[in-house]
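Atom set for the values below is all heavy atoms of this structure, side chains included, hydrogens, waters and symmetry mates excluded.
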Amino acid sequence: GGNNEPADADTNNNDAGTNNTSDKTNNEADESSGENSEGDYSLAEDQTLIFARGGDSVSLDYASVTDGESSRVTEQIYESLLKFDEDSFEIGPGLAEEWEVFDDGLRFVFQLREGVTFHDGTDFNAEAVKINFERWADPDHEYHFADEGYTYSVYGTQFGGFKGDDGHVIEEINVLGEHEIEFVLNESLGAFLQNMGMSYFSITSPAAFEEHGSAINENPVGTGPFKFVSWSKDDSIVLEKNEDYWQEGYPKLDGVIFQVIPDNSARLTALRSGEIDIMDGLNPDDVEQIESDPGLAIFERETNNIGYLGFNLDKEPFDNADLRRALNHAIDKETLITVLYAGLAEPAKNIIPPSYMGYNDSIDPYAYDPDLARELLDEAGFGDGLEFDLWTMPVARPYMPDPERAAEVMQANLADVGVTANIVSMEWATYLERTEQGEHDIFMLGWSGTNGDPDYFFGNLLHSDAIPGGNRSFYGNDEVDSLLNQAKNSVDEDERAELYREVQEIVHEDAPMIPLVHSIPVLAGSERVKNYVPHLSTSEPLTNVELAE
Amino acid sequence: MESVTPVKKQPMPGPENQEPHLTETESISPWKEAFWQLRKNKLALVGLFIIIFFIMIAIFAPFLTSYSYQTLNAADRLQGPSAQYWFGTDDLGRDIFTRIVYGARISLMVGFFAVTGALIFGSFLGILAGYFGRWVDMLISRIFDIMLAFPSILLAIAIVAILGPSLQNALIAIAIINVPIFGRLVRSKVISIRQEEYIMAAKAQGMKNGRILFHHVLPNSLAPIIVQATLGFGTAILEAAALGFLGLGAQPPTPEWGRMLSDSRQYIQSAPWTVLFPGLSIMLVVLGFNMIGDGLRDALDPKMKN
Amino acid sequence: MPTPLLEVKGLKKYFPVTGGIFSRKVGEVKAVNDVSFEVYEGEVLGIVGESGCGKSTTGKALLRLIEPTEGEVIFNGENITKLDREAMRLKRRDMQIIFQDPYASLNPRHKVEKILSEPLLIHGIGDKEERKRKVREILEIVGLPGEHASRYPHQFSGGQRQRIGIARALIVNPKLIVCDEPVSALDVSIQSQILNLMEDLQGQFGLTYLFIAHDLSVVKHISHRIGVMYLGKMAELAPNEDLYSNPLHPYTKSLLSAVPNPDPDLKTDRVILEGDVPSPSNPPSGCAFHTRCPECMDICKEVDPEFKEFSDNHFVACHLFNDK
Amino acid sequence: MISYTIRRLLMLIPVLIGMSLITFSIIHLIPGNPAQTILGEQATPQAIEQLEEQLGLNQPYFVQYGNYMMGLLQGDLGTSLRTKASISSEIWPYLAATIELTIFAMVFAVIVGVNAGIISAWKQNSLFDYTSMLIALIGVSMPIFWLGLLEQWIFAQNLGWLPAFGRGNPRDPVETVTNFYLLDSIINGRPDQLWTSFKHLILPGVALGTIPMAIIARMTRSSMLEVLRSDYIRTVEAKGSHTLSVVYRHGFKNAVIPVLTVVGLQTGTLLGGAILTETIFSWPGVGRYVYEAIGNRDYPVIQSGIIVIATIFVFINLIVDLLYTYIDPRIKY
Amino acid sequence: MKKPVLEINHLKTHFFTDRGEIPAVDDVSVKIYEGEVLGIVGESGCGKSVTSLSVMGLVPDPPGKIVGGEILFRQQEGGQERSENLVTVKKKRLRQIRGNQIAMIFQEPMTSLDPLFTIGYQIIEAVKKHKKVTKKEARQIAIDKLILVGIPRAEEIVDEYPHQLSGGMRQRVMIAIAMSCDPEVLIADEPTTALDVTIQAQILDLMKKLNKENGTAIMMITHDLGVVAEMCDRVAVMYAGKVVEEGDVRTILKDPKHPYTQGLIRSLPKMNKREERLYSIPGNVPKPGSIKIGCRFAPRCSEAFNRCYEENPDLLELRDGHTCRCFLYEKEGDLVNADALAGS
Ligand SMILES: Nc1ncnc2c1ncn2[C@@H]1O[C@H](COP(=O)(O)OP(=O)(O)OP(=O)(O)O)[C@@H](O)[C@H]1O
Ligand SMILES: Nc1ncnc2c1ncn2[C@@H]1O[C@H](COP(=O)(O)OP(=O)(O)OP(=O)(O)O)[C@@H](O)[C@H]1O
Ligand SMILES: [Mg+2]
Ligand SMILES: [Mg+2]
């Protein structure tokens, strides 16, 4: 952020996150911007940044895909109406300069920024916003490209479905003027404004739809700081500076290249040799080495996820809460963090990340205590052993860099308390499908936040409506359900926070899962990279970044 | 192809017609003869030694090490080779030597079962094709063609994807991709041996087809099949390691060597021993089988010599 | 005149020549093209001819080791071309064959014991003990020590192997033995041993031989009557002395003259034939020999001469003698 | 010859149909739903269901196969379920990358393997023979992924001589024309890029080429030994010809056919084996493309990838067969 | 008297195999005089081919090695007689001689030509190696030589491949290659064994013609005494790596002395008369090296006595030029002075 603070006084519901974290991050941001302006380094001649990552983008039509690698690129090309703060989920102005909420959260009016053009030269206006939202909502819309297999699942999730569905909240979108647009909801939605900050709801040039049709996924045209140049699949995506960017003097970089290097160690080698500037997916064990290397720096991302070990409550003996609690004492999260994350994770006691609104810090975590666990197991009637399958996913996830290794660690923990866990792994697709169908005993999985709203965690992981679906523990508690429903529809921040805290207490007692860790994803980069602030949501625009000599 | 005018045969001078020096009444079976040949082949002996070494290791694994291959020890992560940990420790602090030793069991088992499976099915199909000819041959040969036109590792990956990743399924996949290799060999052997004059002689005596097949054709096709099976051991172990490397084989904490390699890949910089030893073990075992296979080929089939 | 033991009438064997990817038939090798002859009990009928003229094919086809394309084979008054598989299989007891290549015709993985007792087993002769005894017996008969039964073929020399081959043919007491160049592969000093052995056995067991060879002196030595083949056909068939003293067919004449004689005093005038034997897949029109015949006439190029009896028991297929 | 080629091409049809059928059946036997993978663990069942419908995944599988084959007949490889991109256009850069790597590996394997084999046979039982055959034996026993890792560790990471990943310098991307980087750098008149691209090929190429190199060396040697023992070589020697002419002109030309066969077969192995090498060296090739598609249940991509690889393989062997006729006048069709 | 062009003295060629040392050629001495045809006969494995390969320097090494003796090649060079020992001569010089002054044809016409090169190429290769000629001249020489060996359509056949020719034609091509540089000595290793009698007659005829017209000395290796009678002036009979008898062709065939030669001739079935029973030599041809002491023929010899098993008989000269290796003739003949032979 930094410049042109929005007038957000009239919208009272925006200070998400606990106060202390937001303060801290603000301080850091200030420091870095100070350094920026003072410029105690000279700029490198070549201002092309190479960002190396493990996988390629799936599509550059951001709304049709959910993977982080895609949005990492589209963040640079596209912009949404609102924008998250540089280091938190606090929203501020984006393509909309101002916004107002009416009718208890049933009507929103946005004043759009003037003088903004898309990369193809066409003007950004209210009509463009309407077309984009309608395209996502209406499967029959000419730019929905349903025949080509496009769906916009995030839209469906965030706005309760699509046009014609019962739960779909956006009733109508009205263009009030060239740069004024109104959204009318049929039901209040606590997270509406948060959603507007998500990169999934960025705005594409309508002319580009006209021109490229369903090939829009390979020909992105937005308003962002960088323009798309080329994409060679599984290799690199090349972006160049948008000279006409509305934010005067930005971006600093001349171009960005997203380079795919699947192998972790090869990526690190490339960083060391200067072939790349930033790399994602660092092996936590290498952090120490990098920190001792004067030419390299570590960038930590604030945690925004949960990795957990879930029980299948529909299956014996895991319907026994005593057993679940006993097993909660058996897992040594600290070791897990040392071994797998090289310390770059926080042990979890709740399912939402600590920086989230409503995080209940007063919960007393189940301590690692094998003796106690054995005792409790004995009490629960499993004194002479227990054997089950421990399902683990085959692929690294942001919350779990090496799930199979993690399973091995937990297997060993469990063995210590006389429980035999057989590790079962299967392909990712199968894993997801079969856990959704409840074929597992105990499974490992996690969840990442997208818009910074706690409902996204609770609603998907613990609400009985999410069976079958994200609720793979088959946890159903009427009290929890009703608390969550209340919280979801409320627009009162404090009320919501209180409700969520209550939920966490019940869940802690019921123990449908063992919360493991909130991982802190780290990136490594060259010291030359300045003003790079990783965002919680896995990606961030590189508008302010510049390369030093 | 050209029609070759039959050439009158003169017994050729050369080693194959040479009578071994032996006492008048001693009877030397071709197998015994091959065994003698094998004993003279230094490389084959080295190979045999390597394999016996690994077999011993596999059998006596629990006596060779005081560590467990699965108990982790976070305190001793990524220790270099030392007197305490001969081959160092991995990222979970487990003794790599112990894991290698137990891994020998897996690799040898994989080789054995995959080869046996491929051999049984391949031979069965190959015999069907070679002996019945015509459309049976046509059909089976086309199936082999098709299977061989797939890159085998891809086929194996697909099969494991269907069955789910596990050591057992990797084994099945490897057996399947090796079926056409054995099948073709057996088929061509059956066909070529059917042309031999002693088969004609057997027929001339009024021997039934079944007896000809089992008493004459098959025993004589055995040599190249044994050779292929030995070499196949090596290939199967490599393929299993490749699947393990891709995460499609043995599941943790099974100390499968390919899997160990892929798990320790990222430590190649900081702890190269984690990568060095599993790879070296794979190579040695495979090398051992290849050496024996080469030796057997030379010993069993003088014409294929060199 | 006695009834023949074996009567071959119009025997033909065409091998298909396949080509292309779909293995279609693109032609035929007329390996044996209408051959007729008779073999009498106790006689040795020699068949000579150059390489590829169809001698072996004739021998194998009349035993139905190769299914003949056409023609009849009457053995002991029974048309064996009509027999079903099982009946034919049992018939093989009476009709045996000895092969040219002593190295290829014995299964390298069987002991001599097994090689020799197998025919007995197949035809259900004797029990285990008796078979063992018989094997020793036959080995002694062919001039090998009985204890060699426990050896493998590769432990024998070429001549010894051929003895085993003969023993195998002999052990079931056949009436007829087709000998397909049994001595061609052997050294001169061994050749005479085997020839003698075969002659002895014939007398001893009252055997009938169809003796195939390309060496005219060998055939002459052993046969009573001799047939000369050229390109799948019988050119001339006559009693031994008759053929050598009075060859009719120009091919027979040149063949006889071409044999180098080890006696330096007997230098005969040679009829050296021009050119090569034509390919049996594309035989010349008319008389197959006309392309090389020193006495070729116009008619030879068009009409295939009949195989006719020219004088008593002397058959020839040549236009020179067709008028008579 | 032409008719032979045509017949061989016609013969391919049943093989390719068989292959496509097998592929299609296999990938549909694989449990797991593409819609699920595309949407990930955070997707709702409704979203998955909707996507399934849009992708036509709820149709009976033979209908899907029929549709796919209809498209294939029109030269359309279909659309990737995941990226929505047309596979026909998307696959080429991957394919080119793999082909370039495979050719490089094969050229390496052939040059080194053939010469080592020839010299070993020529100087049979010499020190050279023993060492090169021992190396070849080790070569065939080598897990290539391990070799790749070691190469990377030694030459890229420790010595820093060669690049560890990718096809070129990301800072100076090759302007693609054909997608064969070596060729493209020449077309663009960029010798520096040619050198860079070449350097990038070395490590993966050597890793990939090691097994075929070893196999070719062994095959060349044994084939040469047989040829060198043959009568016609003795004839050439009896003419007083120079040894080099004997060994290379007469010897190798006669020994080349089994070697060619191996080259043909190994190319197939290379195309498949590229999966491992491509993963280790971050090579954006078709092996990885298909491998990832398997993980994502991207049926059309798996199907097309395998068909394309197999077709190339079958064609290479056709070319090998045609080469035989060129080398050996006895072979005619 | 004619001079010897090639003189083999006490040649020993052994094979060193994993079954031990095999003395394939064990002390063989023969001479070939200018323009004559020398026959070498013997049964399979007696060392005929190895002897001829030794002359050409083509014994496969390993496992074969010439371990003793000398091979003297004499030629006139500018009125000067020059003698070279082919065993010790430099490799390069040997290559200059072979194919040029000493040529060889082999037993198997079907496999002795390189199947991948045209007939013309294979003749030209020999010509160009030894003569400075242009491409065109070489081709003309090739055609001429093909005509010389009686190949019809020589102009076309030059450009054909071996597989397009029959066995007889190929053997003619082989002879054409051998004759391409007009050698002084032609070594023919069983040139007709693989051929049919009618074709054999053609080839023998051709070789006789070449011998007569070009004066090429021929070393004719065969196991067929008929061929010997037909072709040769002198014969050496070999048994188990040794020459057992040598002399002019009439003497050997009509009045053989060595029991082996006698047995060999008697065991042949005769074309002219029909005997009831053939003579036969008992036993088998021994493997070289299997009999270490005594006469190698002794175990099969009807005349053998104790000494035969204990001592190795020496070569005895019986009459002028007729030598025999047998104790039976010790009184009749003189011991051939081996040193004198070697020195001449
Ligand atoms: N199985 C077969 N398929 C095709 N052609 C064959 C087959 N067997 C033999 N022939 C051909 O039939 C012809 C006659 O062959 P056959 O073996 O009967 O000749 P032969 O007179 O016995 O010759 P040889 O003296 O060389 O043994 C030859 O041209 C041969 O190529
Ligand atoms: N490459 C070799 N390795 C080992 N021994 C060999 C080799 N070549 C020949 N010999 C031995 O040398 C002996 C003589 O062989 P040679 O080829 O000279 O016999 P030959 O008289 O030409 O017989 P043939 O009539 O069969 O051609 C053979 O018995 C054989 O044992
Ligand atoms: Mg024959
Ligand atoms: Mg020879």
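Per-residue counts of heavy-atom pairs under 4.5 Å with chain D were compared for B:L287, B:L163, B:L284; the largest is that of B:L287. Contact count versus chain D (heavy atoms, under 4.5 Å) is highest, among B:G234, B:A241, B:S152, for B:A241. When B:I159, B:I153, B:L276 are compared by the number of non-hydrogen pairs under 4.5 Å with chain D, B:L276 comes out ahead. In terms of heavy-atom pairs under 4.5 angstrom with chain B, the leader among D:R297, D:Q152, D:M133, D:R218 is D:R218. Considering only heavy-atom pairs separated by less than 4.5 Å from chain D, the leading option among B:I282, B:L246, B:V285 is B:L246.
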Open item on the list: Set out, in order, the CA-CA distance, both residues' side-chain angles and the distance that settles side-chain contact (heavy atoms from CB on, under 4.5 Å) for D:L270 and D:M106, then state yes or no.
Closed with: CA-CA 8 Å; D:L270 283 193; D:M106 209 60 205; 3.4 Å; yes
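Looking only at atom types and distance, the side chain of D:Y130 has no donor-acceptor partner in the side chain of D:S120 under 3.5 Å away. A donor-acceptor contact under 3.5 angstrom links the side chains of D:E278 and D:T98, judged on distance only. Checking B:Y267 against B:D90 by side-chain atom types alone, no donor-acceptor pair falls below 3.5 Å.
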Give every donor-acceptor pair under 3.5 Å between a side-chain atom in residues 136-146 of chain D and any protein atom, sequence neighbours left out.
residue : atom : partner : partner atom : Å
D:S141  : OG   : B:N290  : ND2          : 2.9
D:S141  : OG   : D:L137  : O            : 2.8
D:W146  : NE1  : B:V275  : O            : 2.9

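The line from OG1 of B:T274 to CZ of B:R99 is 11.5 Å long, rounded to the nearest 0.5 Å. Going from atom CG of D:N254 over to atom CD of D:E226 covers 10.5 Å, rounded to the nearest 0.5 Å.
In this structure, D:Q266 contributes its side chain and D:T269 its backbone to no donor-acceptor pair below 3.5 Å. Here the side chain of B:N41 pairs a donor or acceptor atom with the backbone of B:A44 at under 3.5 angstrom. When atom types are taken as modelled, the side chain of D:S282 and the backbone of D:F165 share no donor-acceptor pair closer than 3.5 angstrom.
The ring pair (Phe, Tyr, Trp, His ring centres under 6.0 Å) check on B:W257 picks up B:F54, with sequence neighbours excluded.
Using a 4.5 Å cut-off between heavy atoms, B:L155 contacts chain D through its side chain alone, with no backbone atom that close. In this structure, chain B has a heavy atom under 4.5 Å from the side chain of D:I294, while its backbone stays farther away. Both the backbone and the side chain of D:I26 come within contact range of chain B, with heavy atoms under 4.5 Å apart.
Looking at heavy atoms from C-beta onward, D:I275 lies out of side-chain contact with D:R288 at the 4.5 angstrom threshold.
Residues of residues 308-318 of chain D lying within less than 4.5 angstrom of chain B, judged on heavy atoms, are D:I309, D:A310, D:F313, D:V314 in numerical order. Of all residues spanning residues 141-148 of chain B, those with a heavy atom less than 4.5 Å away from chain D's heavy atoms are B:R142, B:I146, B:L148, arranged by number.
Aromatic ring orientation, B:F233 versus B:F289: parallel (interplanar angle below 30°, classes split at 30° and 60°).
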